[in-house]
Amino acid sequence: MLTMKNIIREGHPTLKKVAEEVKLPLSNQDKKTLKKMLEFLQNSQNEEIAQKYNLRPGVGLAAPQINISKRLIAIYATDEENKLHSYMLINPKIISHSVELTYLYPCEGCLSIDREVPGFVLRPRRITVQAHQLTDEGEVVPVTLRFKNYMAIVLQHEIDHLNGILFTDRINQDNPFYVPEGVQPIEF
Ligand code: UDB
Ligand code: ZN
């Protein structure tokens, strides 16, 4: 199983790289990687397992964070309506986004960043993502998924990792807490 030891941290060059497209049909190795990533998130949200292995409760993980520079992400998060979003995605791409922005309040964090970084990350409130999905049955199917609010932030944060971008790169350097007029937060 994956633990925090497998997660590379800020300063590691892989986190700054643009990850490679994954070839389809998906190799068994890539399937295993995605399953391990999702299992890590599930374990990290299981109180007993998380305590035993000292896992931070993760909602999303991108393959570059375990030093695999491929366009794979896992998501395991509940939205504001308490709906669980559990996904293993291949080559996810944001095909459209709202003009309206939002930000997570009080701040974003990252499994690959061990310090608190003050500031807001402005992101589109709604996105549409095209990807291939590895289903629980082991099938790979094309999907178009729409996300809003908190889930849109999680997806954008993970897709950023595939492009070598950390949330700290998106904080306004001159005024970390700058918020344009009318932009409302998602409260954590
Ligand atoms: C996270 N977790 O996983 F509301 F059960 C963050 C960390 C950095 C704090 C571990 C998180 O938000 N957990 C959480 C929140 C809840 C309920 C719950 C667990 N990430 C993922 C990450 O670093 N991926 O690369 C950071 C999030 C900040 C904004 C979106 C992703
Ligand atoms: Zn992260």
Colleague: Looking at side-chain heavy atoms only, is the closest gap between Gln184 and Arg125 below 4.5 Å?
Modeller: yes
Colleague: Check the angle between the aromatic planes of His157 and His161 and answer parallel, tilted or perpendicular using the 30° and 60° thresholds.
Modeller: perpendicular
Colleague: Check each of Leu34, Ile159, Val154, Asn91 against Ile73 using the side-chain contact (heavy atoms from CB on, under 4.5 Å) test, and report the only one that passes.
Modeller: Ile159
Colleague: Is the shortest side-chain heavy-atom distance between Ser112 and Leu15 below 4.5 Å?
Modeller: yes
Colleague: Taking the basic N atoms (NZ, or NE/NH1/NH2) and the acidic carboxylate oxygens, is any pair closer than 4.0 Å for Glu108 and Arg170?
Modeller: no
Colleague: When the ring planes of Phe147 and His85 are compared, do they come out parallel, tilted or perpendicular, using 30° and 60° as the limits?
Modeller: tilted
Colleague: Students often mix this up, so state it plainly: with edges at 30° and 60°, are the rings of Phe120 and Phe177 parallel, tilted or perpendicular?
Modeller: perpendicular
Colleague: Can any side-chain N or O of Ser44 pair as donor or acceptor with the backbone N or O of Gly58 at less than 3.5 Å?
Modeller: yes
Colleague: Tell me the closest heavy-atom pair linking Val183 and Leu101, and the distance in Å.
Modeller: CG1-O, 3.5 Å
Colleague: Only one of Val140, Leu26, Ile75, Leu38 passes side-chain contact (heavy atoms from CB on, under 4.5 Å) with Met88; say which it is.
Modeller: Leu38
Colleague: Does a side-chain heavy-atom distance below 4.5 Å link Leu41 with Met37?
Modeller: no
Colleague: Taking the side chain as C-beta and beyond, is there a heavy-atom pair between Thr102 and Asn149 under 4.5 Å?
Modeller: no
Colleague: Are any of the side-chain heavy atoms of Val129 and Ile95 separated by less than 4.5 Å?
Modeller: no
Colleague: Considering non-hydrogen atoms only, spot the tightest contact between Cys107 and Gly119 and give its length.
Modeller: CB-O, 4.0 Å
Colleague: Quick check: do Leu162 and Val18 have side-chain heavy atoms less than 4.5 Å from each other?
Modeller: no
